[in-house]
Amino acid sequence: MSGPDGLDLVALDRFLAGNVEGYRGGVTAELVSGGRSNLTYRVTDGAATWILRRPPLGTLTPSAHDMAREFRFVEALAGSGVPVAPAVALADDSVLGVPFALTGFVDGIVVRGGADLAGWSDGLVRDCAFALVDTLAALHAVDVTAEPVAGLGRPAGYLRRQVDRWYSQWQRVRTRELPDVDALHALLDAGCPAESDAAVVHGDFRIDNAILDRADPTRVLAVVDWEMATLGDPLADLALHTVYRDEVFAPVLAGTAASTSARMPAPDELVARYTAASGREPRDWAFHRGLAYLKIAVIAEGIHERHLRGDTRGEGFDGIGDATAPLVAAGLSAARGSGG
């Protein structure tokens with residue numbers, strides 16, 4: 001059996017036969033997305049369909065693309081009120097050479113580019129955006145003191161670790177010198193506050209990481225892509241979600257990110273909705289926004305670096321490197337208190 005790049009169907013067939021109840025054999029697969037984060041495949045035996053996620057090809061940065069983390073969060077959140085795909089199986093690197101996670105397939109729509117909003121009324125766009133914010137608030141309301149969620153992270157010291165981690169990641173993936181990165185890191189390092197609270201933090205919460213109901217796009221069927229999830233400060237998640245609204249993010253998704261559409265609510269509207277839904281008021285907001293921009297900039301640079309190495313799959317990677325410097329510049333502005 002031949003399959004898409006990065007997936008050995010013979011090995012996968014053996015794994016499914018031994019680990020997935022009802023598997024009928026004859027697995028086939030297609031790449032859904034490849035290289036911005038983990039590689040994602042739609043896998044089927046002709047009767048059932050699953051989603052398989054594995055790390056990107058090539059050298060990986062430490063702590064990124066953690067398949068066990070992704071699977072544990074999906075498994076732990078089942079029944080929590082936060083919509084997630086059914087957790088099916090987790091494999092170590094003995095099957096495909098890298099770990100991978102298998103979840104059930106959720107049949108809905110994923111809104112990636114601005115064109116996906118073309119048939120929507122302005123009211124529907126806003127209602128969908130606010131439904132996503134409500135889902136984020138619901139995630140942050142999950143009790144992190146109760147098992148199995150309690151064992152998934154260390155909330156104390158989260159912000160300090162984030163500042164250190166993303167600057168360290170920059171040192172590993174950078175393809176050019178950008179003094180603004182050092183300047184932004186210095187601001188964040190000097191002004192790192194204590195956590196505002198402890199919550200499940202998705203770490204990459206935006207519209208294209210949600211599966212929506214075809215009949216009612218204001219209904220979130222599943223939040224996906226949990227590879228950066230942990231326990232930490234919920235305001236970091238909120239800040240990142242608002243930063244994805246900035247048009248400087250668009251090149252990271254091939255220049256047409258639905259989250260940056262002018263039809264989407266402005267960042268201050270998203271924050272107001274979150275405050276109403278969660279009861280949390282943003283604080284240390286300049287810090288959180290600056291950190292969010294740094295994180296996205298480093299992720300963009302990492303994708304760009306993998307693309308230069310030839311380790312991405314699919315289209316739309318040529319311009320991602322162009323996003324890094326503007327994202328860092330926006331982060332500096334935000335951290336200095338002059339950003340939106």
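Predicted, not measured: the structure shown is a model, and the values here were computed from it.
Checked by atom type, the side-chain pair Asp134/Tyr274 shows no donor-acceptor distance below 3.5 Å. Neither side chain, Asp189 nor Tyr167, offers a donor N or O lying under 3.5 Å from an acceptor on the other. No side-chain N or O of Thr175 forms a donor-acceptor pair with one of Glu305 less than 3.5 Å apart.
Applying the salt bridge (charged side-chain N to carboxylate O under 4.0 Å, His left out) test to every pair with at least one member in residues 119-131, sequence neighbours left out, gives these pairs: Asp122-Arg263, Arg126-Glu269.
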Yes or no on side chain to side chain donor-acceptor pair (under 3.5 Å) for Thr49 and Arg42, after CA distance, side-chain angles and deciding distance?
-> CA-CA 7 Å; Thr49 303; Arg42 190 193 317 262; over 6 Å; no
Side chain to side chain donor-acceptor pair (under 3.5 Å) assessment of Glu247 paired with Thr260 | CA-CA 5 Å; Glu247 63 183 13; Thr260 68; over 6 Å; no
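Minimum heavy-atom separation, Val74 to Ala85: CG1-O, 3.1 Å. Taking each heavy atom of Thr135 and Pro83 in turn, the nearest pair found is CG2-CD, 4.1 Å. For the pair Gly203 and Asp237, the tightest heavy-atom approach, listed with the atom from each and the gap, is N-OD1, 2.9 Å. The shortest heavy-atom contact between Val252 and Ile303 is CG1-CD1, 4.3 Å.
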List the atom pairs, donor and acceptor, that lie under 3.5 Å between side-chain atoms in residues 193-201 and the rest of the protein, sequence neighbours left out.
unit_1, atom_1, unit_2, atom_2, d
Glu195, OE1, Gly157, N, 3.3
Glu195, OE2, Tyr158, N, 3.0
Glu195, OE2, Leu159, N, 2.8
Ser196, OG, Asp233, OD1, 2.7
Ser196, OG, Asp233, OD2, 3.4
Asp197, OD2, Arg280, NE, 3.3
Asp197, OD2, Arg280, NH2, 3.0

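Counting heavy atoms from C-beta on, the side chains of Val20 and Trp50 come closer than 4.5 Å. Annotation: side chain of Leu7 is in contact with side chain of Leu12 (closest heavy-atom distance under 4.5 Å). The shortest side-chain heavy-atom distance between Arg245 and Met264 falls under the 4.5 Å cut-off.
Not less than 6.0 angstrom separates the ring centroid of Phe100 from the ring centroid of Tyr41.
Under a 4.0 Å N-O distance rule, the pair Arg53/Glu70 qualifies as a salt bridge.
His202 and Phe205 have perpendicular rings, their planes meeting at more than 60° on a 0 to 90° scale where under 30° would count as parallel.
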